[in-house]
Amino acid sequence: MSDESSVLPRKVLERSALEVAPLLLGCVVVHESPEGRVAIRLTEVEAYAGAGEDPGSHAHRGETARNAVMFGPPGHLYVYFTYGVHWCANVVCLPRGRASAILLRGGEVIEGERLAWGRRPAARSSAELARGPARLAQALGLTGAANGLDLCDGRGPVFLYAGEAVDRSLVRTGPRTGVGGDGAARPWRFWLNGERTVSPYRAHMPQQRAPRASAAGAG
DNA sequence: CGGCCGATCCACT
DNA sequence: GTGGATCGGCCGA
């Protein structure tokens, strides 16, 4: 597989996430670990911009310890922890100092399916192995330990290949998933029409907290 | 296949 | 202290 598919040049990722996101459709992300190798062909991605431009972006309020990788050079993984349970993976865009990233929302496991099933026993079908950003990260075996890894230096353990050419007429765009405020209206989600590995659209849900046990009597 | 709802840690204010 | 770029178990069809 990798012999027939070239590494995606870092130069491609020097543009904004909005420009690069549709180009990532059909590309192949690979993670090699002691457990083995899993490759995923991307079918759904979401673009996030930088400080001041995008309320839905982790970089909206400037650089912090968490989002520092977003402000670094392009071609690196930004992996963050969410909902107390899940990891999600992004590809960083734009030159150092300018934050932008593309969330990997869905894909098709094209290599290492056995290992992916081992990591995702709850999946009900092979299409569910990497449908949804946290599922995709889990199928690849990506956690916080992968934050900041370089996809483009060819040294691994993560790689990004150009993959086989996709029919451009299959590219669709629409509002981002699970993002509230002004960010919801932005058509910055991209997917390949007809793929079974594209996650269903869900509008932003206002969170209601689970009731926490309080020690003192409320009277 | 799809709807409902609880889970559970971290970053930020 | 608070909410989040989400998912799985359970149930019904």
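Letters A, B, ... mirror the listed sequences (proteins, then strands); counts begin at 1.
- When rounded to the nearest whole Å, the span between CD of A:Gln138 and C1' of C:dA5 equals 17 Å.
- For the OP1/OP2 pair of B:dA11 and a distance below 4.0 Å, the side-chain nitrogens and oxygens of A:His58 include no atom meeting the criterion.
- Within 4.0 Å (heavy atoms only), A:Arg135 reaches sugar-phosphate atoms of the nucleic acid but no base atom.
- One interatomic measurement links the two molecules: CD of A:Glu44 to C1' of C:dA5, which rounds to 11 Å at whole-angstrom precision.
- Atoms CH2 (A:Trp188) and P (C:dA5) sit 15 Å apart, rounded to a whole Å.
- Under the 4.5 Å side-chain heavy-atom criterion for ILVMFWY residues, no single connected hydrophobic cluster contains both A:Val69 and A:Val45.
- Closest heavy-atom contact between A:Ala39 and A:Val28: CB-CG1, 3.9 Å.
- Following rounding to the nearest Å, A:Asp54 (CG) and C:dA5 (P) show an atom-to-atom distance of 11 Å.
- A distance cut-off of 5.5 Å between ring centres, combined with a plane angle under 30°, places A:Tyr48 in a stacking arrangement with the base of C:dA5.
- Without hydrogens or angle criteria, A:His76 side chain to A:Val92 main chain gives no donor-acceptor distance under 3.5 Å.
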In dot-bracket form, 5' to 3', how is DNA chain C paired? Count Watson-Crick and G-U wobble pairs only if both distances fall under 3.5 Å, and write | where the partner sits on another strand. ||||.|||||||.

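- A donor-acceptor contact under 3.5 angstrom links the side-chain atoms of A:Tyr80 to the base of C:dA5.
- Nearest heavy-atom pair, A:Glu108 versus A:Thr43, reported as atom, atom and distance to 0.1 Å: N-CG2, 4.5 Å.
- In terms of phosphate contacts, A:Arg131 brings no side-chain nitrogen or oxygen within less than 4.0 Å of OP1 or OP2 of C:dC7.
- Rounded to a whole Å, the CH2 atom of A:Trp87 is 16 Å from the C1' atom of B:dA7.
- Here the closest heavy-atom approach between residue A:Ala47 and residue A:Arg176 is recorded as O-NH1, 2.8 Å.
- Legend: salt bridge (charged side-chain N to carboxylate O under 4.0 Å, His left out) pairs involving residues 129-151 of chain A, not counting sequence neighbours, sorted by first then second residue: A:Arg10-A:Asp150, A:Glu128-A:Arg131.
- As a whole-Å value, the separation of A:His86 NE2 from B:dG6 P is 15 Å.
- A:Ala89 and A:Leu142 make their closest contact through CB-CD1, 4.0 Å (heavy atoms, listed as atom of the first residue, atom of the second, distance).
- Taking the side chain of A:Leu103 as heavy atoms from C-beta on, and the options C:dA5, C:dC7, B:dT13, the nearest nucleotide is C:dA5.
- Of the candidates C:dA5, C:dG8, B:dC9, the closest approach to any side-chain atom of A:Phe81 belongs to B:dC9.
- Across the protein-nucleic acid pair, A:Arg176 atom CZ and C:dG4 atom P stand 15 Å apart, rounded to whole Å.
- Within the nucleic acid shown, A:Arg120 comes within 4.0 Å of sugar-phosphate atoms alone, with no base atom in reach, counting heavy atoms only.
- The nearest whole Å value for the distance from the CZ atom in A:Arg124 to the C1' atom in C:dA13 is 13 Å.
- Out of B:dT13, C:dA5, C:dG8, the shortest distance to the side chain of A:Tyr78 is found at C:dA5.
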